[in-house]
Amino acid sequence: MNSLKFRFVAVPSMTAAMLALGGGDAFAMHIMEGFLPPSWSLFWTAVSLPFFVLGFRSMRRIVADNPRMKLLLAMAGAFAFVLSSLKIPSVTGSCSHPTGVGLGAIMFGPSVMSVLGAIVLLFQALLLAHGGLTTLGANLFSMGIAGPFVSYGIYKLADGMKAPRSMAVFLGAALGDLVTYVVTSLQLAAAFPSATGGFAAALFKFLGIFAVTQVPLAVSEGILTVMVYNAIRSYAGETMFGGAMLSGEVK
């Protein structure tokens with residue numbers, strides 16, 4: 001995900017004016033350092049923390065059951081890091097990108113991605129100037145929590161309906177990508193409601209800007225995730241691949 005490309009010193013009144021004028025640089029992912037008001041930064045950090053703790057416990061359990069899973073966990077994290085670092089121009093000067101969180105959620109369960117997502121977001125904030133430390137909780141909730149839980153839920157639903165596994169993986173990855181951007185739009189709209197239409201108007205504005213490029217990106221991410229999932233499954237083999245899957249998807 002890309003960072004909001006305002007300069008670091010975003011005075012609240014100036015930020016509101018830019019949003020009101022439709023400044024395109026405001027609409028990008030991740031939410032940049034210092035962009036959210038402190039109260040919202042603290043709120044999203046508090047909301048994300050329990051999921052991170054749960055994910056850390058799940059990851060420890062996976063590694064304890066099968067130490068070889070460290071490699072697959074690292075691959076899931078690397079996949080998310082690479083895809084979410086890609087910067088694709090959107091409308092009005094904004095940027096979109098894939099998230100890559102569906103793969104790990106499907107293989108290990110969604111809670112693990114809260115830890116991998118936090119690591120990815122931290123490295124991107126420090127090394128690539130994507131996102132930030134004060135907005136880490138908000139970015140983690142959208143990309144490392146909401147997206148993975150939806151990916152996992154959609155995958156399990158499709159798999160339970162006896163859909164082909166590739167289709168289940170595709171739907172999980174693609175819809176998880178879209179939900180990440182929906183949640184980010186909700187976060188931005190809550191923090192910066194429109195002066196004329198309030199929260200609903202701001203949400204419609206953010207969703208409309210992201211949708212132009214994010215829908216085809218979600219489809220592309222779904223296809224790529226299927227390819228990588230099948231390649232990992234073929235390489236790792238049934239014994240290793242299925243040994244520590246919390247999602248229970250290997251049959």
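Residue numbers run from 1 in the order of the sequence given.
A single hydrophobic cluster is not seen to contain both L140 and V53; linkage of ILVMFWY side chains at heavy-atom distances under 4.5 Å, directly or through other members, places them apart. Connection of F170 to M227 is established within a shared hydrophobic cluster, with ILVMFWY side chains joined at heavy-atom distances below 4.5 Å, either directly or through further cluster members. Residues L121 and L42 fall into different hydrophobic clusters, defined by Ile, Leu, Val, Met, Phe, Trp and Tyr side chains chained together at heavy-atom separations under 4.5 Å. If you chain together hydrophobic residues whose side chains sit under 4.5 Å apart, L71 and V115 fall into the same group. Follow the hydrophobic side-chain contacts under 4.5 Å out from M143 and you reach V47 in the same cluster.
Here I232 contributes atom CD1 and L72 contributes atom CG; the two are 6.5 Å apart, rounded to the nearest 0.5 Å. To the nearest 0.5 Å, the span separating OH on Y181 from OG1 on T99 amounts to 7.5 Å. Atom CE of residue M59 and atom NZ of residue K70 lie 11.5 Å apart, to the nearest 0.5 angstrom. Distance CD1/I62 to CG/L73: 5.5 Å, rounded to 0.5 Å. N139 CG to E33 CD: the interatomic distance, rounded to the nearest 0.5 Å, is 10.0 Å. Here OG of S111 is found 12.5 Å from CZ of F56. Values are rounded to the nearest 0.5 Å.
Legend: residues meeting side-chain hydrogen bond (donor to acceptor under 3.5 Å, both in side chains) with S39, ordered by chain and number and at least two apart, are absent.
Aromatic ring pairs are classed by plane angle as parallel below 30°, tilted from 30° to 60° and perpendicular above 60°; the pair F35 and F192 is tilted.
Remark: the backbone N or O of G172 is paired with a side-chain donor or acceptor of S151 at under 3.5 angstrom. Side-chain atoms of T180 come within 3.5 Å of backbone N or O of G176 as a donor-acceptor pair. S142 places no side-chain N or O within 3.5 Å of a backbone atom of V183 that could act as its donor or acceptor partner. With hydrogens and angles ignored, the 3.5 Å screen pairs no side-chain donor or acceptor of S234 with any backbone N or O of N230.
Two residues are said to be in side-chain contact when any heavy atoms from C-beta on lie closer than 4.5 Å; Y155 and L171 fail this criterion. At a threshold of 4.5 Å between non-hydrogen side-chain atoms, the residues V226 and I223 do not count as touching. The shortest side-chain heavy-atom distance between R165 and R233 falls under the 4.5 Å cut-off. Using a 4.5 Å cut-off on side-chain heavy atoms (C-beta onward), Q214 and D177 make contact.
Scanning both residues, P148 and A105, for their nearest heavy atoms gives O-CB, 3.5 Å. Pairing each heavy atom of S194 with each of G197, the nearest pair is OG-N, 3.4 Å. Here the closest heavy-atom approach between residue F79 and residue G100 is recorded as CD2-O, 3.4 Å. Closest approach of L116 and A76 over heavy atoms only: CD1-CB, 4.1 Å. Heavy atoms only, all atoms of each residue included: T134 and G34 are closest at OG1-N, 3.2 Å. Nearest heavy atom pair, residue A191 against residue L36, reads CB-CD2, 3.8 Å.
Screening residues 40-51 for side chain to side chain donor-acceptor pair (under 3.5 Å) gives no qualifying pairs among residues at least two apart or on separate chains.
The number of heavy-atom neighbours closer than 6.0 Å to CZ of F81, taken from other residues, nucleotides and ligands shown, is above 12.
By the 4.5 Å side-chain criterion applied to Ile, Leu, Val, Met, Phe, Trp and Tyr, F199 is assigned to a cluster that also includes V182, L186, L203, L207.
Evaluated for a side chain to side chain contact (heavy atoms under 4.5 Å, CB included) with H130, the options L127, L126, L128 yield exactly one hit, L128. Considering I106, I154, V228, L103 as possible partners of V169, the one that fulfils the side chain to side chain contact (heavy atoms under 4.5 Å, CB included) test is I106.
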**Full working for side chain to side chain contact (heavy atoms under 4.5 Å, CB included) between V101 and V120** = CA-CA 10 Å; V101 297; V120 166; over 6 Å; no
**Asked** Stepwise, does the side chain to side chain contact (heavy atoms under 4.5 Å, CB included) test hold for Y152 with M113?
**Response** CA-CA 11 Å; Y152 175 79; M113 290 309 300; over 6 Å; no
**Message:** Using side chain to side chain contact (heavy atoms under 4.5 Å, CB included), reason through L217 and E221 one step at a time and then give a plain yes or no.
**Reply:** CA-CA 6 Å; L217 276 178; E221 179 175 342; over 6 Å; no
